[in-house]
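In what follows, chains carry the letters A, B, and so on, assigned in the order in which the sequence lines appear, proteins first and then strands, with residues in each chain numbered from 1. Note: hydrogens, waters and symmetry copies are ignored here, and every other heavy atom, side chains too, is used.
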Number of protein chains: 4
Amino acid sequence: MARNKGEESKKKIFQAAAELFAHKGFHATKISDIVAKAGLTQAAFYLYFNSKEEIFEQMLEDFEKQLIHFSDAGKKVADIQPEQVKDHVRETIADILKFLGKNPHLTKVALRENKDDRLRSIIVEKIAANMSNNQRLGIVKTEIDTQFAGEAFLSVIEHIIERYVMTGEKTENELADQVSLLFLEGILNKN
Amino acid sequence: MARNKGEESKKKIFQAAAELFAHKGFHATKISDIVAKAGLTQAAFYLYFNSKEEIFEQMLEDFEKQLIHFSDAGKKVADIQPEQVKDHVRETIADILKFLGKNPHLTKVALRENKDDRLRSIIVEKIAANMSNNQRLGIVKTEIDTQFAGEAFLSVIEHIIERYVMTGEKTENELADQVSLLFLEGILNKN
Amino acid sequence: MARNKGEESKKKIFQAAAELFAHKGFHATKISDIVAKAGLTQAAFYLYFNSKEEIFEQMLEDFEKQLIHFSDAGKKVADIQPEQVKDHVRETIADILKFLGKNPHLTKVALRENKDDRLRSIIVEKIAANMSNNQRLGIVKTEIDTQFAGEAFLSVIEHIIERYVMTGEKTENELADQVSLLFLEGILNKN
Amino acid sequence: MARNKGEESKKKIFQAAAELFAHKGFHATKISDIVAKAGLTQAAFYLYFNSKEEIFEQMLEDFEKQLIHFSDAGKKVADIQPEQVKDHVRETIADILKFLGKNPHLTKVALRENKDDRLRSIIVEKIAANMSNNQRLGIVKTEIDTQFAGEAFLSVIEHIIERYVMTGEKTENELADQVSLLFLEGILNKN
DNA sequence: GATGAATGAGCCTTCATTCAT
DNA sequence: TATGAATGAAGGCTCATTCAT
């Protein structure tokens, strides 16, 4: 089954590059690192990518594609009962964590090493829009600056992926519990 | 006034390096960039620093020193009345933002480009300890994982510095309001 | 008709290489260029030639063979009447142009990209010898340095091939007229 | 007098490059060859030139500047007596040879390695214009295609520079004699 | 007879670093 | 205190060449 051997080599390189970019950043990652990790030579790299820059761009595009696919898949929101809000949010957060955690390297690259923050903005926008909608429905406090809250949320998610998901220290569900607890109700005891 | 002209040159270089490291990261920043921004030559750089690595380390040390000084200064916490908790927290957050925002570049470098996350851990530890204490006092919910919450908090602060303080888009007080609102009470309406 | 399919592929490669060597020179021509033009793969190249160097050498040998064949064919010179000299020369020049123009790429490669100028020398020698003979017969001025004139002549021919024959701008006969006019009688009006 | 040491290094590199480009062509010449010949390291090359391409372009510009300066200097043509025509032409050719022979490497590079033949065209144009003028004055035969003759002339000059001037085998004056003899009166004996 | 895949060697270029002045 | 000039070491990229299929 030595079919499309080339395609496999390309994937190996892509994967190796993603991990290295995530760990060391774009500049600190050498082509020689990438191909060594992929078990190939430097020349092989240029069989599949035209430059270091290009593989990086492809990585972002790849992430964006998956992202759009994911958020489209989430459209089944439907209307939910007030008392189910918390559970629903918790599940949504878990879904997001699972999605991003599936390709933690790609996620980190996309959110950190990205010059114009385009991908970041896309995600924040979606979250903020969703929150605003819930404000209109009386679910979310009107004092909340949804744009701001969206950014805060994404920062937390981003950090979590790196700190807990990539290390395997906590499961997505545990994390979703804590995140939803934090963001939905805050740390203070109700008096 | 040829008074410590050298000291000034060193500061210029240090400042330029901090900004560039913050904007482009350690690897993408070239000595030539730094000295160009400082209005000096490359050779001058080595009059004050032994290597690119060294100036970076000094930057972290510098940050750590200030950090310790700051947290020592905060020891006046004393005991506060329950009804003042929120205001007190809000003020503390504003203080933190003001402190970190004073050297946003340094902050970004210290928190992001830092290999072992030592500085990050120090801060998180302090926050978590404080929160745990407040759990014992019945102020903070016991379900909260304080370590986790501390990390989340720092991630948000870090992002805010970069996103709002460095751009001058919002003041530290405005930000402190939103952050405390978010973390203390969450986004949900009390029903 | 799978008759000597290999032979045809070899020819395609050879032809492509000749054109590219002529246009861009040996070094600037890549094996990948050659096979792309020939509609084959790089590996196929090595089915027919052992190296880039080798195909180049074969090109020169090829040219030399044809050259010798051509000059042997011209041996029928015989003795001609003085009044026919000009016409005879003009025809000879036209013949040379036609011969070299048949494979302009090969010609250019052979005359330009050739390290030791061997082929060039061969041609110049023949021309010079012929001219010297005509000096003895009183047809050509004795002040003429035949070696020098031969070289000048070949330079002109070489340039003409590239400039007019390869572009199809003038016919060999037109060119032969101008060349013989120039070399036989010069540009000055007889006073 | 270690004044402008850099300027001197730049010149050394430029000169070395000119010789190598002339001998081996642009592609076959390596930066390492150039700097080795100049007694410097590769990094030094990039202190003075941004790329291999750039030094090549500068070489062409350099040649063009000198060329324009030269042809401007030749404007003193004035009107000459018919019987002086030959001598005048001979001198002019000698001047051209001396000029081009002063920088034979630059000349070869400019005329051979030049993609669009711009410099070549400039020279040919000048020669052709001059010849056309002499046609109107009745000095040059009207059957002569001056454009064509100009190209032929330049090809010969170019070859001579390489073959005789660069090797020092003949002087510019000797060569001017032969060239003018050839082009003005042709090789045939007047009968 | 032909190809897809891969490679070794080498070239162009960059950059942190040094040193004589 | 500062600089102009230079360099060693490495990194990105290319290209002729090989080989299993």
Side-chain angles (χ1 to χ4, degrees), chain A residues 2-10 27-35 38-55, chain B residues 2 4-10 27-35 39-55, chain C residues 2 4-10 27-35 39-55, chain D residues 2-10 27-35 38-55:
Chain A
R3 212 42 341 87
N4 42 24
K5 187 136 158 285
E7 202 55 37
E8 267 170 39
S9 290
K10 181 172 184 176
H27 276 92
T29 299
K30 297 177 265 181
I31 303 283
S32 58
D33 293 339
I34 298 174
V35 294
L40 290 165
T41 63
Q42 284 188 241
F45 178 92
Y46 293 91
L47 238 43
Y48 303 108
F49 304 96
N50 290 311
S51 68
K52 196 180 160 186
E53 227 83 36
E54 198 195 79
I55 194 176
Chain B
N4 44 22
K5 185 132 159 289
E7 203 54 37
E8 266 173 40
S9 289
K10 181 171 183 176
H27 275 94
T29 299
K30 296 178 272 183
I31 302 284
S32 59
D33 292 340
I34 297 173
V35 294
L40 289 165
T41 64
Q42 287 184 235
F45 178 92
Y46 291 89
L47 240 46
Y48 303 108
F49 305 96
N50 290 310
S51 70
K52 194 182 164 187
E53 227 82 36
E54 197 196 79
I55 193 175
Chain C
N4 43 23
K5 185 133 159 289
E7 202 55 36
E8 266 171 40
S9 290
K10 181 170 184 177
H27 275 94
T29 298
K30 297 179 272 183
I31 302 284
S32 58
D33 293 338
I34 297 173
V35 293
L40 289 165
T41 64
Q42 287 184 236
F45 178 92
Y46 292 89
L47 242 45
Y48 304 108
F49 304 95
N50 290 310
S51 70
K52 194 181 164 188
E53 225 82 38
E54 197 195 81
I55 193 175
Chain D
R3 216 36 345 87
N4 42 26
K5 187 136 158 286
E7 202 55 37
E8 267 170 41
S9 290
K10 181 172 184 176
H27 275 94
T29 299
K30 296 177 266 181
I31 303 283
S32 59
D33 294 339
I34 297 174
V35 293
L40 290 165
T41 63
Q42 284 188 239
F45 178 92
Y46 292 91
L47 238 44
Y48 304 108
F49 304 96
N50 290 311
S51 68
K52 197 179 158 188
E53 228 83 36
E54 198 197 78
I55 194 176

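Position along DNA chain F of the nearest nucleotide to D/Thr41 versus A/His27 favours D/Thr41 as the more 5'-ward residue. Heavy-atom distances to DNA chain E give each of D/Ile31 and A/Gly39 a nearest nucleotide, and the one nearer the 5′ end belongs to A/Gly39. Toward the 5′ end of DNA chain E lies the nearest nucleotide of D/Phe45, the other residue of the pair B/Ala43 and D/Phe45 mapping further downstream. Residues A/Lys52 and D/Ala44 both approach DNA chain F. Their nearest nucleotides, taken by heavy-atom distance, put D/Ala44 toward the 5′ side.
Under a cutoff of 6.0 Å and an axis angle of 45°, B/Lys52 and B/Phe45 do not form a cation-pi pair.
Residue C/Tyr46 has its side chain nearest to F/dA16 when only E/dA2, F/dT1, F/dA16 are considered. Considering only the side chain of B/Ser9, F/dA2 comes nearest among E/dT7, F/dA2, F/dA5.
Rounded to whole Å, the distance from NZ on B/Lys30 to P on F/dG11 is 16 Å. Residue A/Phe49 contributes atom CZ, which lies 12 Å from atom P of E/dA6 at whole-angstrom precision. The nearest whole Å value for the distance from the NZ atom in B/Lys10 to the P atom in F/dT1 is 12 Å. One atom, CD1 of C/Ile55, and another, P of F/dT17, lie 11 Å apart when rounded to the nearest Å. Between D/Leu47 atom CG and F/dG8 atom C1' there is a gap of 14 Å when expressed in whole angstrom units. Counting to the nearest Å, the P atom of F/dG12 and the CD atom of A/Glu54 are 15 Å from each other. Here E/dA16 presents its P atom at 15 Å from CG of B/Asn50, a figure rounded to the nearest Å. Distance, D/Asp33 CG to E/dG10 P: 13 Å, rounded to whole Å.
OP1 or OP2 of E/dA5 has not a single side-chain nitrogen or oxygen of A/Tyr48 nearer than 4.0 Å. A sub-4.0 Å separation between OP1 or OP2 of E/dA20 and a side-chain N or O of D/Lys5 is absent.
Looking at D/Gln42, its side chain has no donor and acceptor atom pair within 3.5 Å of the base of F/dT7.
Using Watson-Crick or G-U wobble geometry with both donor-acceptor distances under 3.5 Å, E/dC11 finds its partner in F/dG12. In this entry F/dA20 has E/dT3 as its Watson-Crick or G-U wobble partner, both defining distances falling under 3.5 Å.
Across all their heavy atoms, D/Thr41 and D/Val35 have their closest contact at O-CG1, 3.5 Å.
Contact check for B/Glu8 versus B/Lys5: no side-chain heavy atoms found under the 4.5 Å cut-off.
Note that the CG atom of D/Asn4 and the OG atom of D/Ser9 stand 10.0 Å from one another [nearest 0.5 Å]. Here the straight-line distance linking atom CG of C/Leu40 with atom OH of C/Tyr48 works out to 7.5 Å at 0.5 Å rounding.
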